[in-house]
Every structure is written in structure tokens, then in C-alpha cells.
Amino acid sequence: MDLLTRPSFIQTIGQISSSNDSHYTLIYTEINHAPKIASLLQGIDAEERLISAIQLIIYNRITNLPNACMGKLGWNRFAVILKLPVKESMEIAEDLAQLLDSQSINIDGISYYPKLIIGVTPLSPEYKTPERILAAVDEALFQARRTGNSLVKLIEHDDPVLHDYYDSLGLLPTITEGLKNKSFVLFAQPIVPISERQITIRKYEVLLRYKNEQGDIDSKSRFLQTAELFHLSREVDYYVVHEFCRYFAQQKHSNVMYSLNISGSTIRYSPFLDVLAKEFKHFGINPEQVCFEITETVADRDFEQAIHFMNLLKNRLGCQLSLDDIGIGSSNLANLSKFNVDFMKIDGSFINNFLVDPYSELVVKFITAAAKLYGRKTIAEYVENAEQLKRLGDLGVDFAQGYYTGKPEILFDPATD
């Protein structure tokens, strides 16, 4: 059995899928970080030898199976086509994962412990194109990777996750063209004090909306989720910062603060701070009037990097900070104390239910108490009625944000200025 090239393998997938033969299954494997470690420790030759050794392990496991073929689809990715039902193919995929788990590979005296992450899908004609098949197993790998090494994930053509994936894929050209043509418009939603004692300056969160060719605002499409999925979040963050600075320079407000959301990919990109400093200087922005919101989930995922990044934003540039969506991340009190933020935003999923759900109210109380302990202000999201607002005030929450206290309104249309 020869190892197929990527083009030949993709062609084979397409031929099988269009043949309406339901007995074929694709196993898509990705080697974990072991080859990169080998390259760092011993050089590129060790990396290549390690990958070749793993390739041989996979090959030896499938070589005697009927109508099996194997291809290399990336530097650390191999794919296998089996003429077997999904159930049997899943068993073979699990066996491959266990084979790597149970042994080490020695390269010139250093032992490596590679793991496989595996996606499996039947070669169903419903996929229509080989590209969609590869997109499906790529999504399966993504889900498996989030769980850990040595995991096998099955995905089928009618999986709801795939429909979301394809919908997001269709939004990609709209996002890239929209950023280029300035079709994304800045909106602002007020963040209002619950108690009169909190009245100092006006606060708003800046939101992004897409304006289509007919001039209608689309607030429902998954633009931000798509940007994150396809690694465009940093470009979106840059766009928002630049256009906000253009707007703010024209208005020259002295008694207002705006909150801008920032993504995980931007947190991991240190040059952003230099770009931000240049934008502030160029447009004459007072950093104290700008607050950056970082979700608790992102901050937990990149804890050390987030701490460093947030400290630079606050101490070097002088911006304010808000920890967003608190309650759906770890909500670890020890971690909350390490984030040097000005505001803690309680996730709206708890505000929706806290009047009738004791657990949701307990979460609101906990976050409010933690914020007061560390000298932070609290903001409740998704406040929809007077009863919620009153109860939040009773619990000591400082600010409210939601359709009851103020709907998002257009702030700045970059295309018309």
C-alpha cells in the first residue's frame, strides 16, 4: 500500500463519496505536540524521524485491512480510508490511539510519547464535495483537541455542529469584505448606575453590527463567532479600535467612558499594545476614558498571558479594565483576585433567571461580594425589567446593562464619514 499525496487522497475521497457506497469511512489523525518538541530538542531531522515512526505504526495497523488506503495530508496529519462500517472503523481508530498511548519512540537516546487526536466520518454522498468531508473531520479534530490527547471524535454529515460550521464558512467573505469596505458599524449600549450614588460619568459598551448593501443592520448573524473560528478576531479588534478612535477624536467628550471588547487572539499578540498606543497618540485619546472588556473564559484559558496583557493595558497605557461574562468561566475566587480590573460583569445567563432560580441568585451574590472585597464595581448584563433592576440594587450590584436600561444605538458609521 503506497502513501497517497494530498491531491490524490482528496480525489479518492471524492470518487468514493460520489459512488453512493455507504461502506467507506474516513479516519483523520493529528499528532500532538511531540514532533515540535523533537525539533526543538534535536532538530528537524529528529522531528521527521519521529513522524515517520508514527506513520509506520499507523500503516502497520491498517495494511491488512480490505481496500484500505492512507495519505499524508499535512506535516503532522495522516488520513486513512477503510471499507468498513462506522462502528468497526471507530474501533480501529480507538485502537490506533491506544497503540500510541502504550509506547514511546526513541530518537537518538531521547524518548518521546506522541499522542493521536482522531476524527472519524462516514464517506456519505450527502457531503457532496471532498472539501466538505475534510471540513467535517477538521471540525471533529477541533472538538477532540479541546478535550485532550488520545481522543476519537465521530462526526456525521447531519451533525448540527457542521451546519453551524458551513453557515460560518459562508460568512467569511462578508467579514473580510466588510472590514475592507467599512460595512461594520459601531453601536453603543448604555451602562447605567443602579444607585444615584454611582453617578459619575456616562458609560457605554461599544458593539459591532454589520450593515448590508441595502443599508439594513444585521445584528443576528454570527459574525464575531465566525471571526473567532477562522482566526480573524484580531483583525476585527483592530478595526473596532481604529474606527472608535476616529469617532472619539471627532466628538471630544470629557464626561464619558467607552468599553471595547477584546479577543483571546489579541491578548496573545503583544504588538497590539504598540498599535494601540500609536492610535491613542495619533487621535488624541485619553486612555482613562477607554475600558477594555476581556471575558473570564479567555482570561482563564490564557491566564498568565492575560494577567501580563491586562497589567500593561492598565499600568502602561492607563486604560480601565472589565472582566466580562463572569460566572460561566472558572469563577475561582483566587483567580478573580489576581485580575487587576475596575469592573466585573455578571453574565446575563444568571440575570435572566436569578429572580426565580436560587443558584443564579447565589452566583450574583458571590460575584458582588467578591467585587466589593477587592474594590471592584459590578455590572449586571441582560437586565430586562424593573423587578430585576430593583433586586440587583438590593443585592448591591453597581451598574446595569440591558434593553430595560437602554437599547444599543448607532454610534458611528465609518463608511459615511
Mark yes or no for whether [X], through its side chain, and [Y], through its backbone, hold a donor-acceptor pair below 3.5 Å.
X: Q320; Y: E288; answer: yes
X: N212; Y: Q214; answer: yes
X: T176; Y: L172; answer: yes
X: E228; Y: L224; answer: no
X: T368; Y: V397; answer: no
X: D324; Y: E293; answer: no
X: D138; Y: L134; answer: no
X: S39; Y: K36; answer: no
X: E235; Y: L179; answer: no

Does any non-hydrogen side-chain atom of [Y] lie less than 4.5 Å from one of [X]?
X: L186; Y: R246; result: no
X: R234; Y: S265; result: yes
X: I217; Y: I410; result: no
X: V363; Y: D347; result: no
X: I346; Y: F354; result: no
X: I13; Y: I81; result: yes
X: I54; Y: L50; result: yes
X: I175; Y: F230; result: no

Intermediate values then yes/no, side-chain hydrogen bond (donor to acceptor under 3.5 Å, both in side chains), T378 and D398: CA-CA 5 Å; T378 46; D398 299 298; 3.2 Å; yes

K407, E381, Q401 screened by side chain to side chain donor-acceptor pair (under 3.5 Å) with Q189, the one that passes: Q401

Would you tell me whether [X] and [Y] have side-chain atoms, one donor and one acceptor, within less than 3.5 Å of each other?
X: D325; Y: T295; answer: no
X: Y238; Y: Y269; answer: no
X: Y127; Y: T121; answer: yes
X: E205; Y: N261; answer: yes

Between atom [atom1] of [X] and atom [atom2] of [Y], what is the distance when rounded to the nearest 0.5 Å?
X: L362; Y: I367; atom1: CG; atom2: CD1; answer: 10.0 Å
X: S322; Y: I191; atom1: OG; atom2: CD1; answer: 7.0 Å
X: S89; Y: Y24; atom1: OG; atom2: OH; answer: 11.5 Å
X: Y112; Y: I37; atom1: OH; atom2: CD1; answer: 8.0 Å
X: L273; Y: H308; atom1: CG; atom2: NE2; answer: 7.5 Å
X: Q225; Y: S233; atom1: CD; atom2: OG; answer: 9.5 Å

E387 bridged to K390 by N-O distance under 4.0 Å: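 No.
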
NZ/NE/NH1/NH2 to OD/OE distance under 4.0 Å, D413 and R209: no

Y382 ring center near F350 ring center (under 6.0 Å):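 Ring centroids of Y382 and F350 are no less than 6.0 Å from each other.
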
Please determine whether the number of non-hydrogen atoms from other residues, nucleotides or ligands lying under 6.0 Å from atom [atom1] of [X] exceeds 12.
X: E279; atom1: CD; value: yes
X: E213; atom1: CD; value: no
X: H242; atom1: NE2; value: yes

Between [X] and [Y], what is the shortest heavy-atom contact and its length?
X: P287; Y: I285; value: CD-O, 3.2 Å
X: L141; Y: G119; value: CD2-N, 3.6 Å
X: Q388; Y: N385; value: N-OD1, 2.7 Å
X: S168; Y: T226; value: O-CG2, 3.2 Å
X: V120; Y: V137; value: C-CG1, 4.4 Å
X: N32; Y: P114; value: OD1-CA, 3.6 Å

Qualifying salt bridge (charged side-chain N to carboxylate O under 4.0 Å, His left out) pairs with a residue from residues 44-63, counting only residues at least two apart or across chains: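 Every salt bridge (charged side-chain N to carboxylate O under 4.0 Å, His left out) pair that includes a residue of residues 44-63, provided the two are not neighbours, is D45-R49, R49-D108, R61-D95.
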
Derivation and outcome, side chain to side chain contact (heavy atoms under 4.5 Å, CB included), residues I194 and T405: CA-CA 10 Å; I194 295 178; T405 55; over 6 Å; no

Chi angles and distances behind the side chain to side chain contact (heavy atoms under 4.5 Å, CB included) call for I133, S17: CA-CA 9 Å; I133 294 170; S17 178; 3.8 Å; yes

Side chain to side chain contact (heavy atoms under 4.5 Å, CB included) between M90 and V86, worked out: CA-CA 6 Å; M90 283 289 290; V86 172; 4.1 Å; yes

Reference residue D342; test salt bridge (Lys or Arg N to Asp or Glu O under 4.0 Å); the match among K314, R376, K203: K314

The single option from F187, F184, Y239 passing ring pair (Phe, Tyr, Trp, His ring centres under 6.0 Å) against Y210: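 For Y210, the ring pair (Phe, Tyr, Trp, His ring centres under 6.0 Å) test succeeds with only one of F187, F184, Y239, which is F184.
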
Pair up each side-chain donor or acceptor in residues 151-162 with any protein partner under 3.5 Å, not counting sequence neighbours, and list the distances.
residue, atom, partner, partner atom, Å
K153, NZ, Q143, OE1, 3.4
D159, OD1, V161, N, 2.8

Geometric class of the F412/Y247 ring pair [parallel <30°, tilted 30-60°, perpendicular >60°]: tilted

Check against side chain to side chain contact (heavy atoms under 4.5 Å, CB included), N340 and M310: CA-CA 7 Å; N340 185 20; M310 294 164 78; over 6 Å; no

Counterpart residues, ring pair (Phe, Tyr, Trp, His ring centres under 6.0 Å), relative to Y404 (two or more places apart):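 Ring pair (Phe, Tyr, Trp, His ring centres under 6.0 Å) list for Y404, sorted by chain: empty.
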
